[in-house]
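What follows is a short report on a single structure.
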Amino acid sequence: MAEFVLEMNHIAKSFPGVKVLDDVTLRIRPGEVHALMGENGAGKSTLMKILMGIYTADAGELVFDGQPFTVRNPRDAMDRGIAMIHQELNPILDMQVYENIYIGREKKRGMLVDQKTMQKETAALLQKLGIDISATAYMRDLSVAQCQLIEIVKAISIEAKVIVMDEPTSAITDREVDTLFTQIRRLRSEGVAIIYISHKMDEIFKICDTITVLRDGKFIGTDAAAHMTSEQLIRMMVGRDITEVFPKADAQIGETLLEVRGLSMGSRVRNVSFTLRRGEVLGIAGLVGAGRSELVETIFGMRRKSAGDILIGGKPVKLDTPAHAIAHKLALITEDRKFTGLNLDGSVAENVTLVELKRLFPSGLIDHAKEKSIANRYIEELSIKTPGPEQLVGNLSGGNQQKVVIAKWLVTEPDIIILDEPTRGIDVGAKRDIYLLIGEMVQAGKAVIVISSEIPEVMGLADRIIVMAEGRLTGEVERSAFSQERIMTYAAQFGE
C-alpha cells in the first residue's frame, strides 16, 4: 500500500501575466487531516481546482494510491474518490436531501429513477453518521451547518478517499463546529484523508495532524501540527513576524456622536441602549443569533425599528432608510461582502464610487477619468492589491475585496463607521491591514463599531464592549476589565 493516498508533485500553473503556482508539492496520507495554509492569493484555490479537474496544470504530476492519474473534469475526480466541499455551498433548495446527494449519479431501476433505494441508502448513511436529518427533508429547510453535513454525506456516498473542505466553519456556530469536527474525526478513523483549508488558527491546531504552507504560489514547507506554534505558522504564511496580532491605535476619545435609546425591532432587537464616542472603537459581542447584525441594520435604516430613539450629535434623527443614514454620516460594512457589499461583476473603480454616484456625478454622466482617479487614491491609501482600477472585483482576494468595500464607504466621508464581521474569511496578513485601517479611522476622529464572533478579535480592537443575547444587551465591559470568561458569561444569558 502506498504511503500517500494523494500526491501533487511539482505542480506549476500560469495565467496570462502571472505565475500562480511554482513547483508546489502536496502529499496526503490516508486517515490524515492535512491543513493547506496560506494568505489569500497564495495559490491554495488554484491547486485544489487542479486536483478537481477545473484547471489543468502546466507542469507536474498527480498520483493517487501510488498510480499517476489524469483528471480532466470534476466527474473524473469524483470517480477517482476525490470530493470537495466548497466554501460557498450551492445546494438545490427545492430538492430533497437524498436528491442532492445523488444528483448527477441517480440510481435507476430499468429506465426509471429508483427513488426508494436512494432514500433508503441516504437514511442509512445519515443514521450511521449520527446526523439527525430526514432523507426526504427539503434543503431549503436546513441550516448552513446541516447543508455542510449533507455535503459530507455526499462525499461518503461516493466512497471518497480524499475530501477537500474549504473554510467549512466560516458561517456556522461553535456548537455546529463541534458537530462537524466529530464527523471529521469519524472520517479520519475510517482512513479518509481530509484537506482542510481555513484561516482560523485555533481550528487548525485543534483538528489537523499536518500543515502545508504556500506563499506567493510557492511551497514553503510541511510539518506536523504538533511541531508548530501559531507564531511559526504565521511567519511561514506571511514571510515576516507579526509582533502584534491586534495593533491598538492611540486615539483621543471625545464627545458622544451616537446615542441609541431603547431601540427595538420586533423580537430580534429588544430595548437596547448604548453610546458611541468620537475616536472610540465599540465592540459588539455575542453568539450567532444574538441580534448584533439586526441591531446595526436597524440603526442604519435597513430594518424598521418598532420602538426607541437614535440621536446623532445629541439630536434625534429619523433613519428609516440607508439613504437617511448615509446623509447623517453613517457607513455600514455588512457581514456578507459578496452579496450586500459588492458588485462582483463591476470594476474596482465602479465599486468604490457606487454609493456616491449622485454626488460625484450630478449630471448623471460618469466621468471615467475622475472615477479612476478616486479609485486610485483609495487603492494607494488602503494598499489594495489589484492590477488597476479596471480590475473586476470578483477576481480579487477576499481581503482585497473587503478593502474595496471599506473604500466605497470612506468615499462618503462618514463620521460613524460600523463593521460587521470585517475579517471573516480573510487571511492573517489582510486581517492586520484591516485592524490598522480601523486604528487610522479613530485617529482621524471617526467613531467605529466592530461586530465580531471572535472574542479575542473584539477584545483586541475595542475600547469598550457591549454584549448581546437573544436581542437584548446583557452586559458592558470597559477595556481594563476585558476577559473572555466575562464576555461569554454575558453572551450566554439566555431567557433571563
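These numbers come from the heavy atoms of this one structure, side chains and all, not from hydrogens, waters or symmetry mates.
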* Salt-bridge test for Lys200 and Glu167: reply yes if a basic N is under 4.0 Å from a carboxylate O, no otherwise. => no
* For residues Tyr435 and Glu457, is any side-chain donor paired with an opposing acceptor at under 3.5 Å? -> yes
Only residue of Arg304, Lys305, Arg268, Arg303 satisfying salt bridge (charged side-chain N to carboxylate O under 4.0 Å, His left out) with Glu297 is Arg303
>> If we ignore hydrogens and angles and just use 3.5 Å, is the side chain of Asp420 paired with the main-chain N or O of Ile333 as donor and acceptor?
In response: no
When Thr222, Leu36, Leu233 are each screened for side chain to side chain contact (heavy atoms under 4.5 Å, CB included) with Val213, the one that passes is Leu233
When you measure from the side chain of Arg292 to the backbone of Gly286, do you find a donor-acceptor pair of N or O atoms at a distance under 3.5 Å?
yes
Check ion pair Glu381-Arg377 (N to O, under 4.0 angstrom) | yes
Taken to the nearest 0.5 Å, the spacing of Met468 CE from Glu294 CD works out to 8.0 Å
To the nearest 0.5 Å, atom CG of Leu276 lies from atom OG1 of Thr256 at 8.0 Å
Short side-chain donor-acceptor distance under 3.5 Å, Ser453 and Glu421 = yes
(Q) Quick one, Met459 and Ile465 - any side-chain contact, counting heavy atoms below 4.5 Å? (A) yes
Note to self: Does any part of the side chain of Gln146, heavy atoms only, come nearer than 4.5 Å to the side chain of Val97, both counted from C-beta?
What the structure shows: no
| Strictly by modelled atom types, are Glu203 and Ser198 linked by a side-chain donor-acceptor pair under 3.5 Å? | yes
Legend entry - Any donor-acceptor N/O pair, His227 side chain to Asp223 backbone, under 3.5 Å: no
